[in-house]
J.: 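There's a structure below that I have some questions on.
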Amino acid sequence: MEIRWDVFLMIVGASIVTLIPRVLPLVLLSRIQIPEWGMRWLNFVPVAVMAALIGQELLVQDGKLSLGVEVIAALPAFAASVLTRSLLATVIVGMLAMMALRFFW
Amino acid sequence: MALQENLTAPNYEPHIQEERFLQGVKSCIPTLLGYLSIGFAAGVVEKTAGLSIAEILLMSVLIYAGSAQFIAAGMLAASGSPAAIVLTIFFVNLRHLLLSAALSPYFRLLSPLKNLLVGALLTDETFGVAIHQAAMKHRLSEKWMHGLNLTAYLNWIIANIAGAFLGQWIADPEQLGLDFALPAMFIGLLVLQLISRRKLKADLLVVLCSICLVVALSYLTSSSITIILATIAASTLGMAVSRWK
């Protein structure tokens, strides 16, 4: 139940570097007027970042293109999200699909 | 009549605010299972990396970032130096700059301190839920954000500690599909955004560009830099395409 000194330092350091990117734009950008093109650019950030995260999770392993069971499990998860429009259903279907794939593979 | 107004007026405002907070809590519910499984998996990994329960608790309370905690556990197990771990985590979480910037137009009226509180608990998932809400209602409330953020935060801490305690009995979290909760949640968040935004052509182009860039760039640079570069390039493409219309 102890906290080691070097682990403590690491955790405090990590908490600072995770906090700054989260709050800095909100604190600074909310005070200035963003130009129209900037707003249009920001508008596409959510879609772009989610797609990038999905691409990395599904298609990349050890810095290379890799097509594994994740791609197959993504199909029912994708179908569930389109059909149900529910985040919860998407997660459950995705996890069940993955469990089944690992079981039968 | 005047007396009645005086009696009801003070109750009115807090009631509205409380409802907004609770609506935020409610909006968070669909993501809870995803958080639980990822947080649980993170707890298991942290425990097997040799971290104590107290250290795991401190990590989830202070760092509160799944990717960062997985990295910290992995690098600690490989006896990486604290400085190297902090630097890696910094790069991985730089993407939050973009998410925080994308939310900023909705909180322009808030003071810097209130903006800081809104952003402090920002995650990929709460951002996904918030930007979906913003696309539908064209605005975001501060109380709603706090409800969403605090629910996700508490759920994460509980899941982490549960994973740390129960981890010793789970031989293989992957066998239960626990590791797929994260990508499945990202898929759901993306699809819900695409549906609510009604800019499908431009959006699909951005999605395709972003995914191709991530794959191509992963041969050249680290995974966190890849995410940032792909996001910047794909968003720029989206901006350019939407101007032509």
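Throughout, protein chains are lettered first and strands after them, A, B, ... in sequence-line order, and every chain is numbered starting at 1.
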J.: A:L58 versus chain B, heavy atoms under 4.5 Å apart: side chain, backbone, both or neither?
T.: side chain

J.: Mind ranking A:G13, A:P46, A:A89, A:S15 by heavy-atom pairs under 4.5 Å with chain B and telling me who comes out on top?
T.: A:P46

J.: Checking B:I131 against chain A: side chain, backbone, both or neither under 4.5 Å from a heavy atom?
T.: side chain

J.: Please identify, among B:A102, B:A83, B:A101, the residue contributing the most non-hydrogen atom pairs under 4.5 Å to chain A.
T.: B:A101

J.: I need the A:I20 CD1 to B:S100 OG distance, nearest 0.5 Å.
T.: 12.0 Å

J.: Do you know which of B:P112, B:A234, B:A68 has the most heavy-atom pairs with chain A at a distance under 4.5 angstrom?
T.: B:P112

J.: Counting only heavy atoms not in A:F8, do more than 12 fall under 6.0 Å of its CZ?
T.: no

J.: To the nearest 0.5 Å, tell me how far B:M145 CE sits from A:L26 CG.
T.: 7.5 Å

J.: Looking at B:L220, I want to see if its CG is surrounded by more than 12 non-hydrogen atoms of other residues, nucleotides or ligands under 6.0 Å.
T.: yes

J.: With a 4.5 angstrom heavy-atom cut-off, which part of B:E55 approaches chain A: side chain, backbone, both or neither?
T.: both

J.: Just give me the residue among B:T236, B:D203, B:L97, B:N93 that pairs up with chain A most often, heavy atom to heavy atom, under 4.5 Å.
T.: B:L97

J.: Quick one: CE on A:M50 to CZ on B:F186, what's the gap to the nearest 0.5 Å?
T.: 6.0 Å

J.: Looking at B:I195, B:I85, B:I29, which has the largest count of heavy-atom pairs under 4.5 Å with chain A?
T.: B:I195

J.: Can you see which heavy atom on B:A65 is nearest to which on A:T18, and at what distance?
T.: CB-CG2, 4.5 Å

J.: Do A:L59 and B:V214 pass the side chain to side chain contact (heavy atoms under 4.5 Å, CB included) test, and can you show the C-alpha distance, the side-chain angles, and the key distance before you say yes or no?
T.: CA-CA 9 Å; A:L59 302 172; B:V214 157; over 6 Å; no

J.: Quick one: pull up OG in B:S104 and CG in A:L24 and give me the separation to the nearest 0.5 Å.
T.: 11.0 Å

J.: Does CZ belonging to A:R85 count more than 12 external heavy atoms closer than 6.0 Å?
T.: no

J.: Only pairs of heavy atoms separated by less than 4.5 Å count here; which of A:V12, A:V82, A:V27, A:L9 has the most with chain B?
T.: A:V27

J.: Does any heavy atom of chain B fall under 4.5 Å from the side chain of A:L19, the backbone, both, or neither of them?
T.: side chain

J.: Which one wins on heavy-atom pair count under 4.5 Å against chain B: A:V93, A:L29, A:V23?
T.: A:V23

J.: Side chain, backbone, both or neither: which part of A:V49 has a heavy atom under 4.5 Å from chain B?
T.: both

J.: Give the member of B:L87, B:I232, B:L213, B:I228 that has the highest number of heavy-atom pairs under 4.5 Å with chain A.
T.: B:I232

J.: Measure distances from B:L51 to the heavy atoms of chain A and classify the residue's part below 4.5 Å as side chain, backbone, both or neither.
T.: both

J.: May I ask you to name which of A:A80, A:G38, A:S81 has the most heavy-atom pairs under 4.5 Å with chain B?
T.: A:S81

J.: What are the two closest non-hydrogen atoms of B:V215 and A:V60, and how far apart are they?
T.: CA-CG2, 4.1 Å

J.: Return yes if some donor-acceptor pair links the side-chain N/O of B:S52 with the main-chain N/O of A:E2 below 3.5 Å, else return no.
T.: yes

J.: On a heavy-atom basis, which atom in A:D6 and which in B:P82 lie closest, and how many Å separate them?
T.: O-CG, 3.9 Å

J.: For residues 54-70 of chain A, which residue pairs pass the side-chain hydrogen bond (donor to acceptor under 3.5 Å, both in side chains) check, not counting sequence neighbours?
T.: none

J.: Tell me, for B:Y64 versus chain A, whether the close heavy atoms (under 4.5 Å) come from the side chain, the backbone, both or neither.
T.: both

J.: So what's closer than 4.5 Å to chain A heavy atoms on B:L189: side chain, backbone, both or neither?
T.: both

J.: Can you see whether A:F44 has B:R197 sitting over its ring - NZ or CZ less than 6.0 Å from the centre and within 45° of the normal?
T.: yes

J.: Between A:A100, A:A77, A:A74, who has the most heavy-atom pairs with chain B when the cutoff is under 4.5 Å?
T.: A:A74

J.: Can you see which heavy atom on B:S210 is nearest to which on A:A48, and at what distance?
T.: OG-O, 2.8 Å

J.: Who wins among B:Y219, B:F127, B:F107, B:Y106 for the most heavy-atom pairs under 4.5 Å with chain A?
T.: B:Y219

J.: Kindly compute the distance separating CG (A:L53) from OG1 (B:T226), expressed to the nearest 0.5 Å.
T.: 11.5 Å

J.: Which bit of A:V47 comes within less than 4.5 Å of chain B, counting heavy atoms only: side chain, backbone, both or neither?
T.: both

J.: What residue among B:I63, B:V61, B:I56 forms side-chain contact (heavy atoms from CB on, under 4.5 Å) with A:I11?
T.: B:I63

J.: Please classify the contact of B:S196 with chain A as side chain, backbone, both or neither, using a heavy-atom distance under 4.5 Å.
T.: neither

J.: For the atom pair CD1 (A:I16) and CG (B:L62), what is the distance rounded to the nearest 0.5 Å?
T.: 9.5 Å

J.: Can you see which heavy atom on B:T123 is nearest to which on A:R22, and at what distance?
T.: CG2-NH2, 4.1 Å

J.: Show the nearest heavy-atom pair for residues A:F78 and B:I187, with the distance to one decimal.
T.: CA-CG2, 3.9 Å

